[in-house]
Amino acid sequence: MLLEDQRFIHEDLERLEQAIADRVADKPRNIREKLSNEHELANFINRIDIQSKRLLEIYKDADGLREKEVQSIGTGDPFEEFYKQLDEIKDFHKRYPNEPVENLEQAYKRHQPAEGESSYSEVDNMFTGEECFGQYMDLTSNHEQYLNLPGVKRLNYIQYLDVFDGFNPPLLNIKRKDKISDKYFRYVGELASYLEGFFKRVKPLEDLDALIASFDEEFDKQWAAKEVPGWGDEQVATGGTGEGIWCPDCEREFTNENVYRNHLTGKKHIRAAEARKAAGTSNDDSQPSTNKPSTSSLAKDLKERAVAVREHRVRSFTNALKDEREATRRNTVRRQGLTERERQMEREALMAEPESFGEGRGGDQSDDEEDKERIYNPLNLPLAWDGKPIPYWLYKLHGLGVEYPCEICGNFVYMGRRAFDKHFSEAPHIYGLKCLGITSNTNLFREITRIEEAMQLWEKLEQDRKKERDSRDNVVQMEDAEGNVMPERIYHDLKKQGIL
């Protein structure tokens with residue numbers, strides 16, 4: 001039956017390739033469908049890899065079974081071999097009468113939910129509500145775990161999102177001697193595991209094993225050169241900024257020389273120096289020639305390397321997820337201004353989004369069949385009211401292919417001049433101006449998209465307003481009985497106080 005297995009695998013591979021082509025040609029309507037497509041593609045690619053390896057083993061025919069089967073069909077009576085295999089199939093189905101038969105024609109087709117049935121995807125149970133189908137990261141539990149570490153800075157969640165991948169002072173106040181504790185080891189390990197799992201869920205088509213291998217290779221080079229941040233021998237590598245005086249025993253940096261000298265005579269420094277000397281890797285004159293590290297020192301080095309590996313993975317995955325990190329911070333700041341009812345309505349709207357795209361179309365059965373047909377849109381043109389792409393000349397006329405980025409709106413890109421002009425009076429742009437401290441005369445900031453230009457204009461307007469107030473106050477001059485000249489406002493203030 002090896003020939004039948006071989007034929008089955010070839011058919012399976014062809015149908016997998018067709019299923020991949022269909023998924024790639026589909027245009028997802030929202031991020032839920034996009035993620036669902038990518039996870040299905042990852043599963044198809046993984047199955048192609050497994051089936052290809054199995055097919056290669058059949059062709060290699062290491063045990064010679066395939067060659068025997070070919071010879072039995074080609075040299076003997078073909079009908080005898082045919083009826084023999086037919087009897088084996090009948091005998092199998094007699095012993096297992098309810099055994100399901102795999103239908104490859106339907107195996108890889110997208111399941112269309114029946115009327116009134118809600119569509120289900122594997123990504124529905126893959127993300128938490130805070131992650132919003134992989135758009136944002138959910139580091140709340142990691143933040144709570146960080147706050148329980150001894151001697152760390154008390155940061156709120158937004159501050160933590162800015163510095164969670166910086167494990168050295170001045171970003172996070174975690175000393176090197178505190179990093180080898182079990183509590184910190186567990187914290188940085190769970191943080192690295194979450195980022196790795198989040199990356200796998202958000203980007204299923206990426207080769208995660210190859211990516212982790214590149215991270216480990218980069219770490220090995222840095223560790224050998226003692227260039228891993230926070231674990232080198234240099235002052236900067238151990239946590240200092242290079243601008244002050246570094247104390248290697250207490251792992252602190254002092255900007256004032258007198259403070260550093262007074263610190264050297266303190267009890268805390270003396271205890272830290274003695275502890276560092278006792279845990280040091282170099283021996284005294286008792287064993288000058290062995291150069292053999294102690295068991296405790298070797299265990300400490302291994303623990304430090306394990307912690308450094310996890311920190312390096314956190315930094316690497318955070319760099320690979322920098323867009324999601326920025327989106328998480330913006331979303332957290334935005335959600336702080338929402339009430340609980342508004343947050344609940346937002347969650348309900350997000351969950352109802354996939355089903356709302358098909359509403360409001362109506363029509364008879366022929367119209368429904370037309371909607372089910374795949375729309376040919378190779379240029380990815382916007383859809384008109386009838387659900388079909390707009391003409392290309394209209395696309396060019398309105399300039400919908402021209403991108404207009406706005407830095408104030410979080411580097412959002414608007415397609416077409418009309419949408420760009422309209423966004424200056426919309427809530428996201430006005431909210432971005434408020435975050436910069438611009439609360440009035442927002443109409444004067446039209447056509448300004450860069451934060452630096454907006455701040456310069458705002459400072460100019462503030463200076464002009466200040467000059468206008470000063471000039472208005474100095475228009476009318478008053479003179480007291482002694483001949484002192486002063487503005488009218490100051491004159492009346494002094495007169496009310498009884499000074500004049």
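Residues: numbered from 1 along the sequence shown.
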task: Step by step, work out the ring-ring contact (aromatic ring centres under 6.0 Å, His included) result for Phe215 and Phe317.
output: CA-CA 9 Å; Phe215 293 162; Phe317 276 114; 5.2 Å; yes

Under 3.5 Å donor-acceptor, Ser316 side chain and His312 backbone: yes

- prompt: In Å, rounded to the nearest 0.5 Å, how long is the span from CG of Leu35 to CD of Glu40?
  reply: 11.5 Å

task: Give a yes or no answer on whether the side chain of His143 reaches the backbone of Ile158 with a donor-acceptor pair at less than 3.5 Å.
output: no

Pairing of Glu57 and Lys53 as salt bridge, 4.0 angstrom limit: no

message: Is there a side-chain contact between Arg315 and Pro229 in this structure, where contact means two heavy atoms from C-beta onward sitting under 4.5 Å apart?
response: yes

query: Could you give the distance from NE2 (His423) to SG (Cys409), rounded to the nearest 0.5 Å?
result: 3.5 Å

- prompt: Which heavy atom of Arg313 sits nearest a heavy atom of Ala192, and at what distance?
  reply: CB-CB, 4.4 Å

Contact check, side chains of Arg305 and Val228, non-hydrogen atoms, under 4.5 Å: no

- prompt: Minimum heavy-atom separation for Ile430 to Ser425, with atom names?
  reply: CD1-O, 3.8 Å

message: Quick one, Glu190 and Ser141 - any side-chain contact, counting heavy atoms below 4.5 Å?
response: no

query: Is there a side-chain contact between Asp12 and Ile48, using heavy atoms and a 4.5 Å cut-off?
result: no

task: State, to 0.1 Å, how close Arg66 and Leu3 come at their nearest heavy-atom pair, and which atoms those are.
output: NE-CD2, 4.1 Å

task: In plain terms, say whether Glu304 and Arg310 are close enough for a salt bridge, that is, a side-chain N and a carboxylate O under 4.0 Å apart.
output: no

- request: Taking atom types as modelled, find out whether Asp22 and Gln18 have a side-chain donor-acceptor pair closer than 3.5 angstrom.
  value: yes

message: I'd like to know whether Asp421 forms a side-chain contact (heavy atoms from CB on, under 4.5 Å) with Glu447, so could you lay out the CA-CA distance, the side-chain angles of the two residues, the decisive distance to 0.1 Å, and finally the verdict.
response: CA-CA 8 Å; Asp421 292 337; Glu447 303 297 330; 3.6 Å; yes

Distance, nearest 0.5 Å, that separates CG of Asp5 from CD of Gln51: 10.0 Å

- prompt: Hey, are Asp26 and Lys34 close enough for a salt bridge, meaning a charged N less than 4.0 Å from a carboxylate O?
  reply: no

- request: Evaluate the criterion side-chain contact (heavy atoms from CB on, under 4.5 Å) for residue pair Met415 and Val402; output intermediate values, then yes/no.
  value: CA-CA 6 Å; Met415 304 302 294; Val402 182; over 6 Å; no

field: Working for side-chain contact (heavy atoms from CB on, under 4.5 Å), residues Leu13 and Leu55
entry: CA-CA 10 Å; Leu13 291 175; Leu55 184 62; 4.0 Å; yes

- prompt: When the aromatic ring centroids of Phe164 and Tyr146 are compared, is their separation below 6.0 Å?
  reply: no

message: Working note: Glu218 + Lys221, criterion salt bridge (Lys or Arg N to Asp or Glu O under 4.0 Å); need CA distance, chi angles, decisive distance, verdict.
response: CA-CA 5 Å; Glu218 181 185 4; Lys221 292 180 180 178; over 6 Å; no

message: Does Phe185 form a ring-ring contact (aromatic ring centres under 6.0 Å, His included) with Tyr187? I'd like the steps, not just the answer.
response: CA-CA 5 Å; Phe185 184 76; Tyr187 157 72; over 10 Å; no

query: Are any non-hydrogen side-chain atoms of Thr449 and Glu407 less than 4.5 angstrom apart?
result: no

message: Looking at every non-hydrogen atom in both residues, tell me the closest pair between Phe133 and Ile31 and how far apart they are.
response: O-CD1, 3.6 Å

- prompt: Does Lys422 reach the side chain of Tyr414, with side-chain heavy atoms less than 4.5 Å apart?
  reply: no

- prompt: Would a distance-only check, ignoring hydrogens and angles, find a side-chain to backbone donor-acceptor pair under 3.5 Å from Lys203 to Leu321?
  reply: no

task: Using the test side-chain hydrogen bond (donor to acceptor under 3.5 Å, both in side chains), find all partners of Lys303 that sit at least two apart in sequence or belong to another chain.
output: Asp182

- request: Please assess Arg329 against Asp162 for the test side-chain contact (heavy atoms from CB on, under 4.5 Å), listing each intermediate value before the final yes or no.
  value: CA-CA 8 Å; Arg329 192 187 187 285; Asp162 292 332; 2.8 Å; yes

- prompt: Do any N or O atoms from the side chain of Thr318 and from the backbone of Asp165 form a donor-acceptor pair under 3.5 angstrom?
  reply: no

message: Any salt bridge linking Glu196 with Lys200? Criterion: basic side-chain nitrogen under 4.0 Å from a carboxylate oxygen.
response: no

- prompt: For Arg418, does the CZ atom sit with more than 12 other heavy atoms under 6.0 Å from it, leaving out its own atoms?
  reply: no

task: Any chance you could measure Asp61, atom CG, to Gln6, atom CD, to the nearest 0.5 Å?
output: 9.5 Å

- line: Rounding to 0.5 Å, atoms CZ (Phe219) and CD (Glu311) come to a distance of 9.0 Å

- prompt: Do Arg186 and Gln145 get their side chains close enough for a donor-acceptor pair, meaning under 3.5 Å?
  reply: no

query: Looking only at heavy atoms, what is the nearest atom pair of Tyr108 and Ala19, with distance?
result: CB-CB, 3.6 Å

task: Considering non-hydrogen atoms only, spot the tightest contact between Leu147 and Leu155 and give its length.
output: CD2-O, 3.7 Å

- prompt: Hey, does the Lys NZ or Arg CZ of Arg334 hover above the aromatic six-ring of Tyr431, less than 6.0 Å from the centre and inside 45° of the axis?
  reply: no

field: Minimum side-chain heavy-atom gap Thr328-Glu130 below 4.5 Å
entry: no

- prompt: In terms of the angle between their ring planes, are Tyr404 and Phe420 parallel, tilted or perpendicular, with boundaries placed at 30° and 60°?
  reply: parallel

- request: State whether the side chain of Tyr160 and the backbone N or O of Arg154 hold a donor-acceptor pair below 3.5 Å, judged by distance alone.
  value: no

query: So, does Gln135 use its side chain to make a donor-acceptor pair with the main chain of Cys132 at under 3.5 Å?
result: yes

task: Indicate yes or no: at least one non-hydrogen side-chain atom of Leu16 is less than 4.5 angstrom from one of Arg47.
output: yes

task: Return yes if some donor-acceptor pair links the side-chain N/O of Asn43 with the main-chain N/O of His39 below 3.5 Å, else return no.
output: yes

Listing, residues 84-92 side-chain donor-acceptor contacts under 3.5 Å, not counting sequence neighbours, or none:
residue, atom, partner, partner atom, Å
Gln85, NE2, Glu81, OE2, 3.3
Asp91, OD2, Arg95, NE, 3.2
Asp91, OD2, Arg95, NH2, 3.4

Expected output: side-chain Gln159 to main-chain Asn156 donor-acceptor under 3.5 Å: yes

Which pairs would a plain distance check flag for residues 389-396, meaning a side-chain donor or acceptor within less than 3.5 Å of a matching protein atom at least two apart in sequence or in another chain?
none

query: Counting N and O atoms only, with roles assigned by atom type, does the side chain of Tyr184 sit under 3.5 Å from a partner on the main chain of Pro150, one being a donor and the other an acceptor?
result: no

message: Any salt bridge linking Glu131 with Arg201? Criterion: basic side-chain nitrogen under 4.0 Å from a carboxylate oxygen.
response: yes

message: Please report the interatomic distance NE2(His429) to CD1(Ile408), rounded to the nearest 0.5 Å.
response: 4.5 Å

field: Arg23 to Phe44, cation-pi by 6.0 Å centre distance and 45° axis angle
entry: no

